[in-house]
Amino acid sequence: QHSTDPETGRFFMRQEFSLEGLDVTLPEFERQFSSIAETFQMNWRIAYASQPKRMAILCSKYDHCLLDILWRVRRGEFDCEVVCVISNHRDLEADVQAFDIPFHFVPVTKDTKAQSEARILELLRGQADFAVLARYMQIISGDFLESVGMPVINIHHSFLPAFVGANPYKSAFARGVKIIGATAHYVTAELDAGPIIEQDVARVTHREDVRDLTQTGRDIERNVLARAVRAHLEDRVLVFENKTVVFE
């Protein structure tokens, strides 16, 4: 449990129940609990461990985050189903098919962005419970987020707020940074400003070149995204305003 203030703050609680021997159906359990929640003016939801979440993954050409997630699912580290992988490039199609997962190629250009997002919505609607941007190198529009109806998790290749642009590691190298990192967050209409789920950093020195920084950064990206996805799958993340409460 957590409270933003002991007296006047918002109170958060996460509980796990073992329902063996429960003498009512799950819908009836929720109905009876709703009366308690109404009494205490709760915002609440129930997630059932017996119903694994369905995850969709969006990617581009970088494979490190995508393959890490797919391996974790195959090894049983993530209790979920990957329903599909959607990409604006075909580079990773063979890798995805090796996992026997549907791969959908949806190209995106400046002139066809709206049509491309509409196609992605068609592929996701009713098929997934949440989506992961595994280095999907496209900006998601506000209209898409309003229509998709599910949480979207992104991995950002910097410790936010940080260097922006197409080559952040080159910018970091030029500035002689001593720390690089990665940030996993829920996607909102404001670019890279959604509620942060997980972050990590690594110390670097003047000895590292751009290639070294990139490799270290990708290692961090994989681990940070994996921790964020696991927390979401285990329903350990509560979002309040533009922050998260992540229970261990």
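No hydrogens, no waters, no symmetry mates; every other heavy atom, side chains included, goes into these values.
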Identify all side-chain donor-acceptor contacts of residues 122-130 below 3.5 Å with residues at least two apart in sequence or on another chain.
from   : atom 1 : to     : atom 2 : distance (Å)
Glu122 : OE1    : Arg119 : NH1    : 3.2
Asp129 : OD1    : Arg54  : NH2    : 3.2
Asp129 : OD2    : Arg54  : N      : 2.7
Asp129 : OD2    : Arg54  : NE     : 3.3

Point to revise | ring-ring contact (aromatic ring centres under 6.0 Å, His included) partners of residues 61-89, not counting sequence neighbours, each pair once | key: Trp71-Phe99
Point to revise | Residue pair Asn43 / Arg10, side-chain heavy-atom distance below 4.5 Å | key: yes
Check your understanding: Any idea which heavy atoms bring Ser60 and Leu92 closest together, and the distance?
Key -> O-CD1, 3.7 Å
Check your understanding: From Asp200 CG over to Thr183 OG1, what is the distance, rounded to the nearest 0.5 angstrom?
Key -> 9.5 Å
Practice item. Let me see the working for Leu145 and Ile140 under side-chain contact (heavy atoms from CB on, under 4.5 Å), right down to the final yes or no. Key: CA-CA 7 Å; Leu145 293 172; Ile140 303 296; 3.8 Å; yes
Review point. Can you check salt bridge (charged side-chain N to carboxylate O under 4.0 Å, His left out) on Lys53 and Glu81, steps first, answer last?
Key: CA-CA 6 Å; Lys53 292 180 175 58; Glu81 175 191 0; over 6 Å; no
Check your understanding: Can you find a heavy atom in the side chain of Leu238 that is under 4.5 Å from one in the side chain of Thr244?
Key -> no
Practice item. Would you check if the side chain of Thr109 reaches a backbone N or O of Thr112 as a donor-acceptor pair within less than 3.5 Å? Key: yes
Review point. Is there a chain of hydrophobic side chains (I, L, V, M, F, W, Y, each step under 4.5 Å between heavy atoms) that links Ile197 to Val148?
Key: no
**Study point:** Neighbour count above 12 (heavy atom, 6.0 Å) for Asp5 CG
**Key:** yes
Review point. So, do Val210 and Thr214 sit near enough that their side-chain heavy atoms are less than 4.5 Å apart?
Key: yes
**Study point:** Main-chain N/O of Phe144 paired with Ser141 side-chain donor or acceptor, under 3.5 Å
**Key:** yes
**Study point:** Connected via hydrophobic side-chain network under 4.5 Å: Leu67 and Val73
**Key:** yes
Study note, to complete from the structure: The salt bridge (charged side-chain N to carboxylate O under 4.0 Å, His left out) partners of Glu234 (sequence neighbours excluded) come to Arg236
**Study point:** Neighbour count >12 (heavy atoms, 6.0 Å) for atom CZ, Arg211
**Key:** no
Review point. Closest heavy-atom contact between Ala193 and Thr188?
Key: C-OG1, 4.0 Å
Check your understanding: Residues two or more places apart in sequence or in another chain: which of them pass ring-ring contact (aromatic ring centres under 6.0 Å, His included) with Phe240?
Key -> Phe12
**Study point:** ring-ring contact (aromatic ring centres under 6.0 Å, His included) pairs, two or more places apart, involving residues 39-59
**Key:** Phe33-Trp44
Review point. Should we say atom NZ of Lys113 is surrounded by more than 12 heavy atoms from elsewhere, each under 6.0 Å from it?
Key: yes
**Study point:** Least distance between heavy atoms, Asn154 atom then Val187 atom
**Key:** CB-CG2, 3.6 Å
Practice item. Just grab all the salt bridge (charged side-chain N to carboxylate O under 4.0 Å, His left out) pairs involving residues 95-112, residues at least two apart or on different chains. Key: none
Practice item. Is it possible for you to say whether Val245 and Ile46 belong to one hydrophobic cluster, with membership spreading through side-chain heavy-atom contacts below 4.5 Å? Key: no
Check your understanding: What are the two closest non-hydrogen atoms of Ala134 and Cys59, and how far apart are they?
Key -> O-CB, 3.7 Å
Review point. If you round to the nearest 0.5 Å, how far is CD1 of Ile179 from CZ of Arg203?
Key: 4.5 Å
Practice item. Could I get the full list of salt bridge (charged side-chain N to carboxylate O under 4.0 Å, His left out) partners for Asp79, not counting sequence neighbours? Key: none
**Study point:** ILVMFWY network linking Phe17 to Phe247, side-chain heavy atoms under 4.5 angstrom
**Key:** no
Study note, to complete from the structure: In short, side-chain hydrogen bond (donor to acceptor under 3.5 Å, both in side chains) pairs touching residues 15-24 with sequence neighbours left out are Arg14-Glu16
**Study point:** Between CG on residue Leu133 and CD1 on residue Ile155, distance to nearest 0.5 Å
**Key:** 10.5 Å
**Study point:** Short side-chain donor-acceptor distance under 3.5 Å, Thr205 and Glu208
**Key:** yes
Check your understanding: Under 3.5 Å, is there a donor-acceptor pair between the side chain of Asp212 and the main chain of Asp209?
Key -> yes
Practice item. Give the cluster check for Leu70 versus Ile86: same hydrophobic cluster or not, with ILVMFWY residues linked at side-chain heavy-atom distances below 4.5 Å. Key: no
**Study point:** Distance (rounded to the nearest 0.5 Å) between Glu198 CD and His185 NE2
**Key:** 13.0 Å
Practice item. Linking directly or through intermediates, with side-chain heavy atoms under 4.5 Å: list the remaining ILVMFWY members grouped with Phe11, chain and number order. Key: Met13
Practice item. Could you tell me whether a side-chain N or O of Ser116 sits under 3.5 Å from a main-chain N or O of Val106, the two making a donor and an acceptor? Key: no
**Study point:** Leu26 atom CG, neighbour heavy-atom count above 12 within 6.0 Å
**Key:** yes
Practice item. Sequence neighbours left out, what passes salt bridge (charged side-chain N to carboxylate O under 4.0 Å, His left out) with Asp68? Give chain and number order. Key: Arg72
Exercise for review: Establish, yes or no, whether a centroid distance under 6.0 Å links the rings of Tyr186 and His232.
Suggested key: yes
Review point. What are the two closest heavy atoms between Ile101 and Cys84, and how far apart are they?
Key: CG2-CA, 4.0 Å
Point to revise | Sub-4.5 Å side-chain heavy-atom contact between Val152 and Tyr136 | key: no
Review point. Between Ala202 and Thr216, what is the shortest heavy-atom contact and its length?
Key: CB-CG2, 3.9 Å
Point to revise | Side chain proximity check, Leu191 to Ile139, heavy atoms < 4.5 angstrom | key: yes
**Study point:** Leu58 side chain near Val132 side chain, heavy-atom distance below 4.5 Å
**Key:** no
Review point. How many angstroms lie between CD1 in Ile120 and CD in Gln138, if you round to the nearest 0.5 Å?
Key: 8.5 Å
Practice item. Report, as yes or no, whether the 6.0 Å neighbourhood of atom CD on Gln32 holds more than 12 heavy atoms from other residues, nucleotides or ligands. Key: yes
Review point. Between CD1 of Ile180 and CZ of Arg218, what distance do you get to the nearest 0.5 Å?
Key: 11.5 Å
Check your understanding: Considering residues at least two apart in sequence or located in another chain, which fulfil the salt bridge (charged side-chain N to carboxylate O under 4.0 Å, His left out) criterion with Arg135?
Key -> Glu221
**Study point:** Sequence-distant partners of Arg207, side chain to side chain donor-acceptor pair (under 3.5 Å), two or more places apart
**Key:** none
Review point. Heavy atoms, side chains only, cut-off 4.5 Å: are Met55 and Ile57 in contact?
Key: yes
Review point. Should Val85 and Leu66 be marked as a side-chain contact (heavy atoms from CB on, under 4.5 Å) after you check the CA-CA gap, both sets of side-chain angles, and the distance that decides it?
Key: CA-CA 9 Å; Val85 173; Leu66 168 69; 4.1 Å; yes
